[in-house]
Amino acid sequence: MGSNAVGLIKEALQHLVEEALQRAARSGDLVCAEFPPVEIEVPKNKAHGDFATAVALSMARSEKKAPRLIAEKIIAHALAILSAPSTTTPLRVERIELAGPGFINFFLHPAWLQDQVRVIRQADTAFGTSDIGGGERVQVEFVSANPTGPLNIVNARAAAVGDTLARLLAATGFAVEREFYVNDAGNQVLKLGRSLEARLRQAAGEDCPFPADGYPGAYLQDVARALWAAGVAGELLALPEEERIEALAQVATERIVAEQRALLERYGVHFDQWYHERRLRAEKAPEAVLALLQERGTTYQAEGAIWFASTRFGDDKDRVLVKSDGSYTYLLPDIAYHYSKLQRGFTKLLDLLGPDHHGYIARLQAAVTALGYPPDTLEVLIVQMVRLLRGGEQVRMSKRAGEFVTMAELLDEVGTDAARFFFLQRACESHLDFDLDLAKVQGNENPVFYVQYAHARIASILRQAKELGYNLSDDVPTASLQHPAELALLRRMADLPDEVASAALAREPHRLTYYAQDLAALFHAFYTECRVLGEEAELSQARLALTDAARIVLRNTLTLLGVTAPERM
RNA sequence: GCGCCUGUAGCUCAGCGGAUAGAGCAACGGACUUCUAAUCCGUUGGUCGCAGGUUCGAUUCCUGCCAGGCGCGCCA
């Protein structure tokens with residue numbers, strides 16, 4: 001049995017049922033005009049077996065028979081297959097039950113679970129990984145905050161979601177790169193330059209008005225002070241107007257981006273690529289992609305502007321690419337940017353965008369299609385808003401006044417582990433309430449502490465086992481693991497490869513936090529029910545090996561979440 | 001007006017078309033001479049927003065409505 005036991009068993013049971021269906025058809029027990037897809041599921045209720053299928057229910061209509069009757073036939077043939085001496089299957093089916101309206105429930109010998117201890121300890125850091133991605137090159141672009149100010153709370157959420165999504169994809173065998181797109185060209189950056197100029201002059205004591213459309217946040221005053229301190233401010237201010245604004249804008253964005261990068265690193269998020277719009281413009285990428293779109297006959301002129309006929313590719317409105325005054329809309333460089341991703345060889349592009357960009361999805365996908373790539377090449381995930389709660393009250397964030405809780409402030413207050421875990425507790429398209437008080441609680445009502453505490457408890461047992469002279473070999477007999485708490489824990493541990501794969505493919509990293517809490521709860525229950533050290537030798541050995549395997553599964557899960565797995569708490 | 005997200009226990013939320021809808025918190029009641037009680041066990045708690053439709057079967061898919069949040073540009 002390989003390291004994805006659950007997947008393999010599902011597959012084996014599926015083959016078993018399919019074979020049974022074929023035999024039933026041959027023997028005339030069933031008509032089987034068409035074979036329905038056999039889906040093997042894991043019942044929520046333990047009494048319903050280890051695995052189950054509802055295939056008999058879905059056949060009721062075409063068979064014109066009661067589902068229970070159909071299930072009976074399938075079970076009879078499946079049992080015949082299993083008892084045939086020639087059968088070669090990894091399955092050790094203890095019994096098959098007919099239940100409810102026609103469910104077929106499979107009960108397996110616990111050996112497959114007991115065996116997981118060895119499998120997990122052998123795979124170690126690789127447990128949970130798979131190669132279903134086949135090395136496909138995937139790019140995840142996320143955060144991509146404007147270089148005009150500090151990162152905010154939603155950026156922090158996007159960073160957690162994007163990074164864990166990337167970790168999940170890497171764990172499932174995709175070749176993943178993380179990319180941050182820096183919008184360091186265009187109007188907003190010039191506004192930033194003018195804002196910085198005002199702050200520089202103000203810092204020097206000049207009575208300089210602040211631009212009405214500028215960026216009022218205090219962070220620019222910090223930048224201004226730093227530039228005076230570094231002795232470069234005077235030089236910059238002496239430049240001629242256009243050059244000066246341009247240079248100040250560049251200095252400001254570079255500083256801000258550097259701070260963003262440092263903060264994200266502190267948060268455990270490392271981007272492989274920081275792609276600058278400035279570079280895109282310098283390489284004339286917008287012009288090139290415009291020419292390409294024109295060449296492909298997907299543009300037209302109207303009202304003095306150049307339009308992209310995006311409605312031909314599923315958008316609900318055509319979009320302007322070049323305004324009547326000859327300047328570009330933001331869409332054109334954005335298309336150029338996505339074209340650059342495609343030219344760099346990525347075959348799957350994942351963009352995490354804010355809710356204010358949802359209107360962008362259709363036009364970007366239209367552009368990718370117009371450029372000749374499959375429509376599903378670009379997938380966009382919308383990361384919804386975050387409300388901060390303190391003392392049960394919403395913390396108001398006003399961007400206009402330049403007062404908003406920044407990502408840095410959040411990390412200072414609750415730390416990386418709690419922040420990442422909390423952000424990953426909700427589906428990214430759901431609005432999220434972040435309870436600052438709860439995130440700081442050092443107790444079981446705080447889920448991140450609950451999970452980490454399980455890991456610390458495990459580490460404590462393993463430490464003491466070592467002190468007591470327990471020697472844990474690589475292959476410990478585990479047939480003595482029979483207690484319901486042991487088997488329930490093992491069952492959930494065995495799920496990790498499936499959980500990782502399905503979370504990656506569904507782009508739903510939040511599933512992992514639920515898995516982590518489940519796992520922790522099952523370990524705590526095991527800890528309460530079963531003593532590890534000081535039992536009869538073989539049992540203690542088996543439980544110690546189980547504890548070690550639980551450590552691996554918990555640690556691997558926390559690693560995917562980007563949350564630390566503490567040895568002590 | 002149009003579009004997007006959300007509506008499930010007192011609160012915050014899970015729930016690949018399947019069986020008696022789950023978890024955490026909160027509330028209440030229990031469990032420490034034993035590996036961390038930062039834990040565990042139990043109890044209470046539901047018209048799955050409303051109404052139709054598809055289906056053998058719908059919290060899940062479709063349509064309409066209601067409610068809350070967000071957005072709409074030849075801005076970025």
Side-chain angles (χ1 to χ4, degrees), chain A residues 39 41-45 47-48 52-54 56-62 66-67 99-103 105 146 148 183 185-189 191 277 303-307 316-317 319-331 333-334 354-359 361-362 382 384-385 387 389 392 425-435 438 441-447 449-450 452-454 456-465 467-468 485 502 505-506 508 510-511 513-514 517-518 520-521 523-535 540 543-544 547 568-569:
Chain A
E39 281 174 29
E41 57 188 70
V42 177
K44 291 176 217 154
N45 188 335
H48 297 145
T53 180
L57 279 79
S58 64
M59 292 172 72
R61 168 168 280 223
S62 63
F103 289 98
N105 296 337
N146 284 330
T148 51
N183 292 122
N187 238 331
Q188 52 172 352
V189 177
K191 285 184 199 170
E277 184 180 358
E303 302 162 47
I306 300 177
W307 295 70
D316 56 359
K317 240 168 87 176
R319 308 291 171 178
V320 172
L321 294 175
V322 182
K323 300 181 221 172
S324 46
D325 68 359
S327 63
Y328 301 149
T329 63
Y330 194 71
L331 181 59
D334 238 359
D356 51 333
H357 287 79
H358 83 260
I361 301 174
I382 296 295
Q384 280 289 349
M385 311 177 310
R387 287 196 313 168
L389 301 177
Q425 276 190 289
R426 302 281 173 268
C428 69
E429 71 271 15
S430 293
H431 300 196
L432 181 145
D433 287 333
F434 193 115
D435 188 334
L438 181 61
V441 169
Q442 312 268 318
N444 64 340
E445 62 266 51
N446 180 350
F449 276 89
Y450 180 81
Q452 289 183 311
Y453 177 56
R457 255 187 164 175
I458 290 172
S460 171
I461 295 174
L462 295 174
R463 263 196 311 273
Q464 286 179 56
E467 283 164 20
L468 292 169
S502 63
L505 295 179
E508 293 185 346
H510 72 281
R511 292 188 192 184
T513 56
Y514 287 89
Q517 289 177 84
D518 263 6
F523 179 79
H524 287 310
F526 158 75
Y527 180 92
T528 305
E529 297 277 333
C530 305
R531 200 176 158 77
V532 176
L533 305 176
E535 296 288 312
S540 267
R543 285 181 173 169
L544 201 51
T547 301
R568 287 172 209 275
M569 288 175 76

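Quick caveat, the model's predicted, so the values are computed rather than measured. Letters go in sequence order (proteins before strands), and every chain restarts at 1. Just the heavy atoms: all of them, side chains too, but no hydrogens, waters or symmetry mates, feed the values below.
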Please give, in whole Å, the distance from [N] [atom2] to [X] [atom1]?
X        : N      : atom1 : atom2 : answer
A/Leu57  : B/rC56 : CG    : C1'   : 7 Å
A/Phe523 : B/rC40 : CZ    : C1'   : 13 Å
A/Glu429 : B/rC13 : CD    : P     : 13 Å
A/Arg319 : B/rC75 : CZ    : P     : 13 Å
A/Leu462 : B/rU36 : CG    : C1'   : 13 Å
A/Gln384 : B/rG3  : CD    : C1'   : 13 Å
A/Asp435 : B/rC13 : CG    : P     : 11 Å
A/His510 : B/rG15 : NE2   : C1'   : 9 Å

Under 4.0 angstrom, heavy atoms only, what part of the nucleic acid is [X] near: base, sugar-phosphate, or nothing?
X        : result
A/Ser58  : base
A/Tyr450 : sugar-phosphate
A/Ala52  : base
A/Asp334 : nothing
A/Met385 : sugar-phosphate
A/Arg568 : base
A/Ser460 : base
A/Cys530 : base
A/Gln517 : nothing
A/Glu529 : nothing
A/Ala456 : base
A/His524 : sugar-phosphate

Please measure how far the [atom1] atom in [N] lies from the corresponding atom in [M], and state the result in whole Å.
N      : M      : atom1 : answer
B/rA27 : B/rG64 : C1'   : 40 Å
B/rC61 : B/rG18 : P     : 11 Å
B/rA14 : B/rA21 : C1'   : 11 Å
B/rG49 : B/rC11 : P     : 14 Å
B/rG45 : B/rU8  : C1'   : 13 Å
B/rU20 : B/rG57 : C1'   : 16 Å
B/rU60 : B/rG24 : C1'   : 23 Å
B/rU6  : B/rC50 : C1'   : 16 Å

Could you work out which one of [options] sits closest to the side chain of [X]?
X        : options                : value
A/Arg531 : B/rA76, B/rC35, B/rA38 : B/rC35
A/Ala99  : B/rC70, B/rA19, B/rG73 : B/rA19
A/Trp307 : B/rA14, B/rC74, B/rA76 : B/rC74
A/His358 : B/rG3, B/rC16, B/rG15  : B/rG3
A/Tyr453 : B/rG69, B/rA37, B/rU34 : B/rA37
A/Asn105 : B/rA26, B/rG15, B/rA19 : B/rA19
A/Pro43  : B/rC40, B/rA76, B/rA19 : B/rA19

Tell me which of A/Arg511 and A/Met59 sits closer to the 5' end of RNA chain B, going by the nucleotide each one is nearest to.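 It is A/Arg511, whose closest nucleotide lies nearer the 5' terminus.
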Whichever of A/Tyr328 and A/Ala60 has its nearest RNA chain B nucleotide further upstream toward 5':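 The residue whose closest nucleotide sits nearer the 5' end is A/Ala60.
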Does OP1 or OP2 of [N] have a side-chain N or O of [X] closer than 4.0 Å?
X        : N      : value
A/Arg457 : B/rA37 : yes
A/Lys44  : B/rA23 : no
A/Tyr527 : B/rA37 : yes
A/Lys323 : B/rC75 : yes
A/Gln464 : B/rU36 : yes
A/Ser430 : B/rA14 : yes

Backbone N or O of [Y] within a donor-acceptor pair of the [X] side chain at under 3.5 Å?
X        : Y        : answer
A/Asn446 : A/Leu438 : yes
A/Thr329 : A/Val322 : no
A/His524 : A/Ala521 : no

On a heavy-atom basis, which atom in A/Ala520 and which in A/Ala454 lie closest, and how many Å separate them?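 Reported closest heavy-atom pair: CB-CB, 3.8 Å.
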Looking only at non-hydrogen atoms, find the nearest pair between A/Leu331 and A/Arg319 and report the distance.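 The answer is CD2-CB, 3.5 Å.
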Does A/Asp356 get its side chain close enough to the base of B/rA76, under 3.5 Å, for a donor-acceptor pair?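 Not at all, since no donor on one side and acceptor on the other fall under 3.5 Å apart.
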Under the rule syn = chi within 90° of 0, otherwise anti, which is B/rC62?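 B/rC62: anti.
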Identity of whatever pairs with [N] - Watson-Crick or G-U, under 3.5 angstrom:
N      : value
B/rC70 : B/rG3
B/rC65 : B/rG49
B/rC40 : B/rG30

side-chain contact (heavy atoms from CB on, under 4.5 Å), paired with A/Leu432, selected from A/His510, A/Met385, A/Arg426, A/Arg387: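 Only one option passes, and that is A/Arg426.
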Nearest 0.5 angstrom please: A/Glu508 CD to A/Tyr514 OH, how far?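 If I round to the nearest 0.5 Å, the distance is 11.0 Å.
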Aromatic-base stack, [X] on [N], cutoff 5.5 Å, angle under 30:
X        : N      : result
A/Phe103 : B/rA19 : yes
A/His48  : B/rA19 : yes
A/His357 : B/rA76 : yes

Applying side-chain contact (heavy atoms from CB on, under 4.5 Å) to A/Gln517 and A/Gln425, what does each step give before you reach the verdict? CA-CA 10 Å; A/Gln517 289 177 84; A/Gln425 276 190 289; 3.8 Å; yes
Could you check whether A/Arg457 makes a cation-pi contact with A/Phe523, meaning its NZ or CZ is under 6.0 Å from the centre of the six-membered ring and within 45° of the ring axis?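 So A/Arg457 doesn't make the cation-pi contact.
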